[in-house]
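Only one structure is covered here, and it is reproduced in the block below.
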There are 2 protein chains.
Amino acid sequence: MNVKTEQRTIRQAGDKQSSREKILDVATDLFVEHGYTGTPLSAIAAQLDFTKAALYYHFKSKADILSGILSPLLDTIDELLEQAPERFPDAQQRWEFLYNYSQVLLSHSRAVEVLAINSSNSWLPDEIKERIEYHRRRTMELAMLPDMSDEDQVKAIVIMDMLHREIVFTDDRMVVPGMKPERRREIVYDFIREALEATAAGR
Amino acid sequence: MNVKTEQRTIRQAGDKQSSREKILDVATDLFVEHGYTGTPLSAIAAQLDFTKAALYYHFKSKADILSGILSPLLDTIDELLEQAPERFPDAQQRWEFLYNYSQVLLSHSRAVEVLAINSSNSWLPDEIKERIEYHRRRTMELAMLPDMSDEDQVKAIVIMDMLHREIVFTDDRMVVPGMKPERRREIVYDFIREALEATAAGR
DNA sequence: GTCTATAGCTCGATAGAC
DNA sequence: GTCTATCGAGCTATAGAC
């Protein structure tokens, strides 16, 4: 009997999640808190009152659990990138894309967090590593406009990084006391959009 | 006999480093590449043609090696923070401090990288965790000016985060092809300074 | 100051009962 | 679908020789 089974995220009412979903949910929490290599399967099993062996019915390996967490995010980004043209001709269309991109990240913010916390990628399955590398390269390309100066390219890169960070670190860190998350997001998005538009004007 | 002992960073000519320094050097490389929990002591020992047991003459635990890597950085930040006033009255003095702060981070950039890569802090010794938390809070305070609006506070936070990121990720990622690191740094610093000054003007 | 040897444990993963 | 039981490997850390 395990006394300490605190629920770290809000589960569905009635707890109708499948075991697979429960495992992914708990694993996400632990991977964010202790990192992937820092989280043994025994910890995931313990929080669910499962045994380690039970996990292997649903996933073929520890890395497979990680893939299960990240895949929905990566799939959605793939879809978004497929719809995008080779390059955006103007700042307006670029911003629309980047905003949509940020919404995708937000809708999978837990998975984004897992990636951000475990920024040493060496233990990631190769397939996942390649997809992430492609996403990074492609979104950077799309953050650029034709004939941009070197200076504005650097700025666009830095601003894109800011956009990524905003998804991950709003909840608990670096927050102005008493400010609602929505308000903060609004301010940051405005700041990002204005800074990006300045790079469009300067070219 | 270990054949594979590639040197990952440039060592001093003549290899006059003490064993302690060698261990810290190699451990830094591996902690950045595979993370702290992802790096066994055997990997550190193997790259030095030491045995695991030999490491325990110089350090009392794995966490102690980590402390050895981080302490010089944390000590230097402590010194800088001791010299700072409670608050900076104007944007000029604030920027001077933040620039000095960035130079400190740069002069210990490998240690900063170790911290950034292992952003899940749960395995850090408590003493180190507390020092880092204090540094983060204090530098954020010092990035603020008196009577700043909420909006400008958020911007200052985001910009400070940008400054941190610039220290860590210049070398290998998100770089404009063919651009020298010095040029990039110059552009980013200018961007940061201008953005920060805008928050001073807006209050 | 570095070694061999090993304790004591936990890891990821598997076999097979129910 | 989850269990008990267990394997072999790898882990941190220690004891004690040299």
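Proteins come first, then strands; the chains are lettered A, B, ... in the order of their sequence lines, and each starts at number 1. Computed over heavy atoms, backbone and side chain alike; hydrogens, waters and symmetry mates excluded.
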Set of ring pair (Phe, Tyr, Trp, His ring centres under 6.0 Å) partners for B:Phe97, sequence neighbours left out: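 Residues passing ring pair (Phe, Tyr, Trp, His ring centres under 6.0 Å) with B:Phe97: B:Phe88.
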
Ring pair (Phe, Tyr, Trp, His ring centres under 6.0 Å) partners for A:His108, two or more places apart: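 Listed in chain order: nothing, the list is empty.
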
Report, one pair per line, the protein and nucleotides 10-14 of chain C atoms (nitrogen or oxygen only) whose separation is under 3.5 Å.
unit_1: C:dC11; atom_1: OP2; unit_2: A:Ser42; atom_2: OG; d: 3.0
unit_1: C:dG12; atom_1: OP1; unit_2: A:Lys62; atom_2: NZ; d: 3.1
unit_1: C:dG12; atom_1: OP2; unit_2: A:Leu41; atom_2: N; d: 2.8
unit_1: C:dG12; atom_1: N7; unit_2: A:Lys52; atom_2: NZ; d: 3.0
unit_1: C:dG12; atom_1: O6; unit_2: A:Lys52; atom_2: NZ; d: 3.3
unit_1: C:dA13; atom_1: OP2; unit_2: A:Tyr56; atom_2: OH; d: 2.7
unit_1: C:dA13; atom_1: OP2; unit_2: A:Lys62; atom_2: N; d: 3.0
unit_1: C:dA13; atom_1: O5'; unit_2: A:Tyr56; atom_2: OH; d: 3.1

B:His58-B:Phe50 aromatic ring centre distance below 6.0 Å: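 B:His58 vs B:Phe50: aromatic centres not under 6.0 Å.
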
Aromatic ring proximity B:Tyr101/B:His164, centre distance under 6.0 Å: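 Here the rings of B:His164 and B:Tyr101 have centres that are less than 6.0 Å from each other.
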
So, using side chain to side chain donor-acceptor pair (under 3.5 Å) as the criterion, who are the partners of B:Ser102 when residues are at least two apart? B:Tyr189

With sequence neighbours excluded, what pairs up with B:Asn100 under the side chain to side chain donor-acceptor pair (under 3.5 Å) test? none

Do any N or O atoms from the side chain of B:Ser119 and from the backbone of A:Ile117 form a donor-acceptor pair under 3.5 angstrom?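 Present.
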
Segment of DNA chain D, first to last nucleotide, that comes within the 4.0 Å heavy-atom reach of chain B: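 Contact boundaries, 5' end first: D:dC11 to D:dA15.
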
